[in-house]
Amino acid sequence: MAIDFLHLAHLNSEARKALSNLRLIEKEKNRLIGETRQLADSLKQEQIHAALSQLPIERLKDVTDARIPYEAFRRGGIENIGDIFAKSVYQLSALNGVSESTAFELKGVAERMALALSSTIRAKIDFESDSSATVGVLDNLSRLDAITAFDREASESREAITRAIGENLEKLAPTSSRLKWFFTGKAKKSLALEAAAVIEDATSSLSNSLVIKRASEVKNVLGAKRSDLEVLRQDYQSRASDYLAIFENTVEEVPSFSQEFGNYDEAFVAAILARDFDANLLNATLRKYQIFGIKFALLQKRVIIGDEMGLGKTMQALGVLAQVHKEGGTRFLVVCPASVIVNWEREIRERTRLTSLRIHGADQDTHLRQWIDEGGIGLTTFDTLKNFGLDDAILEGFGIDLIVVDEAHFAKNLHTARSREINRWIKNRSRVLFLSGTPMENRVGEFMGLAEMVNREVAEDLDSAVLSAGTEPFKKAVAPIYLRRNVAQVLDELPDLIEIEDHCSWDGVDMEFYKAMVGRGNFMGMRMAAFKPLVGERTSKMERLLELVDDATESGKKVIVFSYFTSVIFDIAKELGERALDPITGAVPPRRRQEIVDAFTHSAEPKVLIGQIQAAGTGLNIQAASVVILCEPQIKPTLETQAIARAHRMGQVRSVQVHRLVIPDSVDEHMMRMLHHKIVEFNAYARDSHLANIAGDQIDDSEPTLAKMIVLAERQRLALDPSTPLELDAPEEV
């Protein structure tokens, strides 16, 4: 049989490249981890110095009897303990009036204070800093992100590929040139052919060839020069949750939420941490507290995860779903409000390798039968579940490996039809996961209802007197079935801005109105349509907004709602009733605007401030709010950034959550895509004040062109006549 030498030579060359790339990635991963840990230590030292700099030198008298030469220090530019910590004993004693012994003692005091702070401070990324440590961390995280994604994609095959090539590559050495091959003996040629067959078998399959291709791409990312600081900042802002998860997993040796372990005994914590979970099943990098939540649910099987809004309860549920699927589960059910069903579809598609089926709407009956027959993740709503028409005998006839109930507090009243239906479905199921961001420590009756549904035995053992005694007794008593963390406990290293896209749907929307606006080319009408309801219904965006307000106010948080349109603002105000203050629009005089803000700020109970983004989004300080809801994307980046800055500014002491209400396959999605590009461009121009305003004006000159592009794209998607004249100058309110 003729031997194709060129094929052997090519296989040899490509195998060497593949092996080199795979080994380089692993080597670079270890190097980047080590370097990032060193840089994190530098960040921590910067934070310690900053904390010491907040302490005036007069504080020294509280910890030492030594004479403190205040005037000598001030003449030398030393105003605080951080200044002392930053200087050497020699530099301090060189100051006129400071003896060497005094310098030595006071330097020692500053170092002991720094050591004490070290145990309470964790390295934090201040992405606006331009220190070399910050820049280095941001660059390393972007590279580690590429490696992390590659690890997830190649977790099952890279080791086999590396082993197959590594063990056989040297046997292919004779194929490096025709001359070598010519002078190679028959036995070694035979070994080379056998090695070639092994390598080809390990590298030629579609999945493995894709791994090799991705390894080459990752190698190029790792070899690229460091990006511009502004690009690094923008990338970090857009991917903060992923990058911070990588940072935490790289830097910290123990979970950052260890204070929460006080509610569990040591054996229980050990059992949770030891529970198997393959994080590579998800297309995301998880925080350690999220992994703990996933393992908690897997170990305890029927539980409530009550983490505060913004901590990724959906991602934890996806982790449980993926692991149960890996362990043989085939049929799952997610029950949620209609307003978030689109978000579940999107998260399952983008974050897992599982498939979902929406059992809701026009195809409900067909999809229900398909889900019963074929399995997968069925997605439905509380109200639709009641209409399935499946009696107890049918429910008992097929298995469901996990039922997830999102916003489970909707089913807290056991006497309602909704709760009875949920209870019927979860009865005798081995795995049940309730998700709720509503705190229950002070709502014993509500919690007891959910606890009874999830685990009757635990609920029967709960003493209502103990549960009413306070939050700590409550947490200890319900620890076997209830896990709740808040932002301050587990995300204390985050920047105080968390941005979330809430994907809504067309449910409840007057779709004919939207199509009419697209057909007429009325851009403003298209943007408003998501809040135009069908008669007697609420739109999905309104439903989601009300849920977000409920969650926030239940947690004692104040909320700002921004919209471009006055009609939307007044509709929201009507829905919220007494929970909302008078809306701020362009028609409200400046003095009255400030009075509304003052009432919002000084209110003892959580209130909602609703404002037209052009009017309330500039010139007002609203740092009493910690949740911001944007009803629709804005075409000017400056409008959004200035509006968010009303709450996210100096004086804000809580994390700020920004929720953008977006409908996929709509004008919203086009605008979000274009807004992202414009923000990148905006950040490349400037970051604040005068330059930002100039840059914003320059960037927004293309607004009519962008509106036209969006209208035409929607006409094409909806198969409408593209030649109809555009009403881009139509009134802003329709």
Side-chain angles (χ1 to χ4, degrees), residues 1-35 139-227 246 278-285 322 326 350 352-355:
M1 183 179 73
I3 296 174
D4 187 345
F5 174 79
L6 290 178
H7 175 70
L8 290 174
H10 178 72
L11 182 66
N12 181 10
S13 174
E14 292 302 307
R16 289 182 184 278
K17 289 178 186 176
L19 184 62
S20 174
N21 290 342
L22 290 168
R23 287 176 172 171
L24 173 69
I25 291 171
E26 194 61 30
K27 181 179 178 182
E28 272 296 281
K29 178 181 178 180
N30 293 330
R31 185 191 70 79
L32 288 167
I33 288 173
E35 184 179 282
D139 184 69
N140 283 6
L141 289 179
S142 68
R143 298 171 194 271
L144 283 169
D145 178 58
I147 295 175
T148 302
F150 176 70
D151 285 345
R152 284 196 297 268
E153 297 166 9
S155 59
E156 297 179 359
S157 52
R158 65 184 297 182
E159 185 177 339
I161 295 172
T162 301
R163 183 172 60 251
I165 297 177
E167 292 175 354
N168 292 278
L169 192 58
E170 287 310 307
K171 298 174 185 176
L172 278 181
T175 68
S176 60
S177 73
R178 284 188 179 276
L179 187 62
K180 279 188 177 181
W181 184 253
F182 180 78
F183 285 107
T184 297
K186 185 176 180 180
K188 287 190 175 181
K189 282 183 177 178
S190 178
L191 287 175
L193 291 174
E194 291 175 4
V198 172
I199 292 174
E200 192 156 32
D201 183 61
T203 60
S204 61
S205 70
L206 178 60
S207 59
N208 286 1
S209 62
L210 287 174
V211 167
I212 293 170
K213 181 182 178 182
R214 283 287 293 122
S216 178
E217 294 169 352
V218 173
K219 175 222 173 187
N220 291 336
V221 170
L222 299 177
K225 66 179 183 178
R226 176 173 288 172
S227 298
I246 295 171
D278 184 356
N280 286 323
L281 296 171
L282 297 182
N283 300 323
T285 305
K326 180 182 180 182
E350 295 181 357
T352 78
R353 301 177 191 107
L354 305 176
T355 58

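- Contact detail for Glu200 and His7: the closest heavy-atom pair is OE2-NE2, 3.0 Å.
- Here the OG atom belonging to Ser142 is positioned 9.0 Å from the CD1 atom belonging to Ile246, to the nearest 0.5 angstrom.
- The two atoms that bring Asp139 and Ser227 nearest to each other are OD1-N, 3.8 Å, heavy atoms only.
- Looking at heavy atoms from C-beta onward, Thr203 lies out of side-chain contact with Val211 at the 4.5 angstrom threshold.
- What you find for Asn140 and Glu35 is that their closest heavy atoms are ND2-OE2, 2.9 Å.
- Here the shortest heavy-atom pairing between Val218 and Ala146 reads CG2-O, 4.1 Å.
- Inter-residue side-chain proximity for Leu282 and Arg152 is flagged as unmet; no heavy-atom pair is nearer than 4.5 Å.
- With rounding to the nearest 0.5 angstrom, the NZ atom of Lys29 is 4.0 Å from the CG atom of Asp151.
- Once rounded to the nearest 0.5 Å, the distance linking CG of Leu210 with CG of Leu206 reads 4.5 Å.
- A salt bridge links Glu153 with Arg214: at least one charged nitrogen is closer than 4.0 Å to a carboxylate oxygen.
- Two residues are said to be in side-chain contact when any heavy atoms from C-beta on lie closer than 4.5 Å; Leu19 and Thr162 meet this criterion.
- A 4.5 Å side-chain heavy-atom check between Leu222 and Leu32 finds at least one atom pair inside the cut-off.
- Distance check, rounded to the nearest 0.5 Å: NZ of Lys17 to CG of Asn12 gives 11.0 Å.
- More than 12 heavy atoms of other residues, nucleotides or ligands sit less than 6.0 Å from atom CD of Glu217.
- Within the 4.5 Å cutoff, no side-chain heavy atoms of Ser190 are placed close to those of Lys186.
- Atom CG of Asn30 sits about 12.0 Å away from atom CD1 of Ile25, to the nearest 0.5 Å.
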Check against side chain to side chain contact (heavy atoms under 4.5 Å, CB included), Leu169 and Arg16: CA-CA 7 Å; Leu169 192 58; Arg16 289 182 184 278; 3.5 Å; yes
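- Taking both residues in full, the closest heavy atoms of Val221 and Arg143 are given as O-NH1, 3.1 Å, listed atom of the first, atom of the second, then distance.
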Residue pair Thr184, Thr175: steps toward the side chain to side chain contact (heavy atoms under 4.5 Å, CB included) verdict: CA-CA 9 Å; Thr184 297; Thr175 68; over 6 Å; no
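- One finds the CD1 atom of Ile161 at 7.0 Å from the OG atom of Ser205 (value rounded to the nearest 0.5 Å).
- Note on Glu26 versus Arg23: no salt bridge recorded, every NZ/NE/NH1/NH2 to OD/OE distance being 4.0 Å or above.
- Here the side chains of Ile199 and Ile165 are in contact, with some heavy-atom distance below 4.5 Å.
- The shortest distance between side-chain heavy atoms of Arg158 and Phe150 falls below 4.5 Å.
- Put simply, the side chain of Asn21 does not reach to within 4.5 Å of the side chain of Ile212, judged on heavy atoms.
- Summarising the geometry of Ala195 relative to Lys171, their closest heavy-atom pair is CB-CB, 3.7 Å, with the distance given to 0.1 Å.
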